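Below, chain A is the first sequence line, B the second, and so on; all start at residue 1. Source: prediction; values computed, not measured.
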Amino acid sequence: MFEAKLNEASLLKKIVEAIRELVTDANLDCSEAGITMQAMDSSHVSLCALNLRSDGFDHYRCDRNLSLGLNLANLSKILKCAGNNDVCTLRTEDDADTLTVTFESPKQERISEFELKLIALDAEHLGIPDTNYKAQVRMPSAEFQRIIRDLSVIGDTCSIAVGKDGVRFGVEGDLGSGSISVKQNTAAEKEEERVEVHMEEPVELTFALRYLNFFAKATPLGPIVALSMSPDVPVVVEFPIETVGYLRFYLAPKIDE
Amino acid sequence: KGGQTRMDTFFKST
């Protein structure tokens with residue numbers, strides 16, 4: 001059997017809200033090591049990868065590897081029935097065609113149980129090689145979200161240039177052009193307010209703001225976002241999930257014609 | 001503006 005208990009249903013809610021506009025259906029791959037999920041949007045232009053380590057759960061048991069095919073819109077409907085502080089348990093028997101989702105309020109006075117139908121998905125799984133990226137930035141996720149949202153009003157694409165002093169987001173549109181530069185700041189009192197650049201060489205790539213906006217929906221997952229870039233390969237936009245794992249998004253840079 | 005490359009161009013199916 002498979003059973004995974006999370007102290008806060010809100011974490012699962014945030015994960016599903018972060019990806020459900022991008023991904024319709026996905027397999028949750030469960031093993032002794034934890035839960036992973038890899039899925040592409042319908043046009044296969046972006047990819048998201050979730051990793052939740054088993055030791056990040058309150059309780060975790062997975063007797064044999066399982067792939068649970070889920071419709072994310074339907075999972076979202078069920079998660080809306082959970083209080084943010086509810087304890088959430090996912091459970092399925094071997095060969096079951098449903099996933100049992102349980103919410104327990106902190107004082108145990110309210111217990112909800114749902115059976116979500118599983119779907120058979122013939123999902124393509126891509127091997128993502130370990131890559132030594134030329135430029136990496138860690139910055140506050142709320143700042144990233146705001147920059148992407150603001151630039152989306154001006155244009156369709158955004159250049160991201162990482163240099164030794166920081167990162168510059170540039171945009172061009174019918175009304176003109178603009179840029180927002182965020183300076184490296186490793187001295188900020190709180191770790192989550194720091195902007196840190198690690199680079200071997202400056203990298204500048206251009207991306208579709210439509211997809212970066214989808215990725216920014218993961219902002220509630222944590223205070224930090226990490227961008228990893230190398231020339232001519234997909235950017236990795238990673239939202240670390242404290243003590244549990246991460247949610248990563250991949251998007252290819254725009255190619256100049 | 002350029003085109004958008006699919007992910008399976010970069011990462012191979014396993």
Side-chain angles (χ1 to χ4, degrees), chain A residues 22-23 27 29 36 38-49 67 122-131 133 155-159 170-174 177 205-212 214-215 228-237 248-257, chain B:
Chain A
L22 204 57
V23 175
N27 278 325
D29 295 313
T36 60
Q38 192 195 85
M40 285 185 276
D41 66 284
S42 59
S43 54
H44 289 202
V45 159
S46 65
L47 181 143
C48 66
S67 269
D122 193 15
E124 188 180 9
H125 198 271
L126 301 179
I128 302 168
D130 281 334
T131 305
Y133 290 95
D156 295 330
T157 63
C158 152
S159 61
V171 68
E172 282 179 38
D174 293 338
S177 62
L205 300 170
T206 302
F207 300 99
L209 279 162
R210 169 181 154 77
Y211 286 95
L212 296 179
F214 281 130
F215 303 167
S228 302
M229 306 202 305
S230 278
D232 306 318
V233 300
V235 61
V236 188
V237 180
R248 289 179 183 157
F249 297 95
Y250 296 82
L251 178 69
K254 287 277 192 180
I255 304 156
D256 288 330
E257 276 170 358
Chain B
K1 276 174 215 164
Q4 190 70 59
T5 318
R6 286 167 55 111
M7 272 302 115
D8 39 21
T9 317
F10 296 96
F11 305 132
K12 294 301 160 205
S13 265
T14 54

Does the side-chain contact (heavy atoms from CB on, under 4.5 Å) test come out yes or no for B:Gln4 and A:Leu251, once each step is laid out? CA-CA 9 Å; B:Gln4 190 70 59; A:Leu251 178 69; 3.6 Å; yes
Portion of A:Asp41 that has a non-hydrogen atom of chain B nearer than 4.5 angstrom: neither
Given the rule in the side-chain contact (heavy atoms from CB on, under 4.5 Å) test, do B:Phe11 and A:Tyr250 qualify, once you have shown the distances and angles that lead to the verdict? CA-CA 10 Å; B:Phe11 305 132; A:Tyr250 296 82; 3.8 Å; yes
Work out which heavy atom in A:Ser43 is nearest to a heavy atom in B:Arg6; give both atom names and the distance. O-CG, 3.9 Å
Kindly give the heavy-atom pair with the smallest separation between A:Leu126 and B:Thr14, and that separation in Å. C-CG2, 4.0 Å
Top residue by heavy-atom pair count (under 4.5 Å) with chain B, among A:Asp232, A:Val233, A:Val45? A:Val45
